[in-house]
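Values reported hereafter were calculated over all heavy atoms of this structure, with side chains retained and with hydrogens, waters and symmetry mates removed. Throughout, a chain's letter reflects where its sequence line sits, starting with A, and its residues are numbered from 1. Given the structure is predicted, the values throughout are model-derived calculations rather than measurements.
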Protein chains: 2
Amino acid sequence: MNASAKPERTRLSAEDWEDAALKLIADQGVGALAVEALARQLGVTKGSFYWHFRTREALLQAALERWEQYGEREVISQIEAMPDPRARLPELFRRVAHEIAPHRVYAALLKALDHPQVVPVMARVSQRRMEFLTNIYREAGLAPDEALNRARLTYAAYVGFLQLNFTLGLPRISHEEFDAYVEHMIKTLTPG
Amino acid sequence: MNASAKPERTRLSAEDWEDAALKLIADQGVGALAVEALARQLGVTKGSFYWHFRTREALLQAALERWEQYGEREVISQIEAMPDPRARLPELFRRVAHEIAPHRVYAALLKALDHPQVVPVMARVSQRRMEFLTNIYREAGLAPDEALNRARLTYAAYVGFLQLNFTLGLPRISHEEFDAYVEHMIKTLTPG
DNA sequence: GGCAATCCATACTCGTCCGTATGGTTACTG
DNA sequence: CAGTAACCATACGGACGAGTATGGATTGCC
């Protein structure tokens with residue numbers, strides 16, 4: 001019942017700090033990323049931190065890069081492996097809608113877009129996802145420009161949903177209502 | 001060529017501070033709302049501030065309430081005055097898409113949803129707008145639950161667009177492209 | 001023109017957080 | 001079992017921002 005989630009650890013690595021940083025970002029946002037707070041949470045002091053990282057900024061950078069690398073799930077490859085292109089969109093929507101945990105860091109980063117360090121990361125990640133979405137729409141039968149615009153619309157709806165629902169807790173939607181919303185979204189945004 | 005935007009002002013009122021606060025929030029976010037910075041921008045010192053407000057928190061509160069009252073444009077009443085219900089949605093979309101300035105505070109507040117003071121304000125404002133949207137969709141012919149879900153989707157797309165485009169500068173979209181996107185959005189999200 | 005009330009400046013205190021300096025402790029290695 | 005490298009604690013310096021104290025300036029009013 002220590003302050004740390006993993007109480008029995010003797011020595012830490014840089015990766016441990018990065019993971020802890022991402023967890024803290026997901027919980028309280030980028031602004032709450034303070035080295036003394038992190039150290040307390042890990043059961044050590046600042047002395048440890050400044051051995052692994054030159055500065056707080058360096059930790060943020062490392063954590064972001066780590067997230068960008070490993071955070072991009074294999075969802076993409078799994079979806080692309082599906083034989084029927086028209087079946088990919090509904091599957092993608094339902095998947096994303098029901099896996100909330102992996103999106104918490106993205107939602108937190110979305111609120112830190114004034115921070116110079118997160119902007120390029122978010123730009124790259126969002127760009128890749130949008131291109132992926134655009135491809136799916138093209139393979140589902142949309143013309144190139146239509147596919148691009150539909151991808152923009154879909155991704156904007158995704159981002160907005162993140163903000164409105166588990167950052168703001170807007171209309172405390174029930175499970176059944178939520179499922180109905182997802183199906184409505186599929187019906188509205190899927191061609192055909 | 002002073003530091004202040006309006007150099008020739010002798011005495012300030014509480015409303016002046018609130019307006020300046022909202023301007024600063026729109027420009028640099030809620031986190032940048034510091035009293036000394038604000039004072040510099042207004043050409044005075046902290047001594048002035050603490051006469052008008054008991055604390056920084058009080059200023060934020062007052063500014064948010066001011067924004068909630070006067071920020072809700074008369075767009076709503078203008079749209080509702082339109083005779084043809086089916087013509088309201090395209091008009092609303094085009095309007096919102098081309099008036100960027102009034103949405104800058106909303107976008108900034110969207111990034112401050114971890115702050116306890118902004119959450120209730122944003123909840124109320126977003127709720128009202130969603131209800132407004134839901135009504136329009138119903139009047140355009142959608143069934144009640146369909147109208148609600150479509151309103152959710154539309155509003156999420158709006159919120160997401162704010163984040164992706166003038167917070168992140170995502171794909172530096174051109175004017176023509178943007179107009180095409182808006183029309184695509186109208187075609188996709190408008191019933192019939 | 002004098003007197004309050006209003007408004008603002010200056011000069012502090014205090015807490016927080018980043019970063020540094022330095023010495024101690026644990027683990028690895030020959 | 002040394003000795004060296006990796007890891008961590010303690011203590012400090014300094015920047016920055018909120019809030020307080022107090023006196024000065026300005027405005028409106030009688």
Close N/O contacts between protein and nucleotides 21-30 of chain C (under 3.5 Å):
| residue | atom | partner | partner atom | Å |
| --- | --- | --- | --- | --- |
| C/dT26 | O2 | A/R11 | NH1 | 3.3 |

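For B/R138, the salt bridge (charged side-chain N to carboxylate O under 4.0 Å, His left out) test picks out no residue, with sequence neighbours left out. Applying the ring-ring contact (aromatic ring centres under 6.0 Å, His included) test to B/F93 and every residue at least two apart in sequence or in another chain returns nothing. Applying the ring-ring contact (aromatic ring centres under 6.0 Å, His included) criterion to B/Y106, with sequence neighbours excluded, gives B/Y158. For B/A34, the side chain to side chain contact (heavy atoms under 4.5 Å, CB included) partners at least two apart in sequence or on another chain are B/A37. With sequence neighbours left out, B/E139 forms a salt bridge (charged side-chain N to carboxylate O under 4.0 Å, His left out) with B/R88. For B/R56, the salt bridge (charged side-chain N to carboxylate O under 4.0 Å, His left out) test picks out no residue, with sequence neighbours left out. Taking the salt bridge (charged side-chain N to carboxylate O under 4.0 Å, His left out) definition, one finds that B/E183 meets it with B/R94, sequence neighbours left out.
Chain B approaches DNA chain D over the interval D/dG17 to D/dT27, counting the first and last nucleotide 5' to 3' with an atom under 4.0 Å from its heavy atoms.
Contacts of residues 55-66 of chain B with DNA chain D (heavy atom under 4.0 Å): B/T55, B/R56. Residues of residues 24-31 of chain B having a heavy atom closer than 4.0 Å to DNA chain C: none are found.
Rounded to an integer number of Å, the gap from CH2 of B/W17 to P of C/dC7 is 13 Å.
Pairs engaging residues 77-87 of chain A under the salt bridge (charged side-chain N to carboxylate O under 4.0 Å, His left out) rule: none recorded [sequence neighbours left out].
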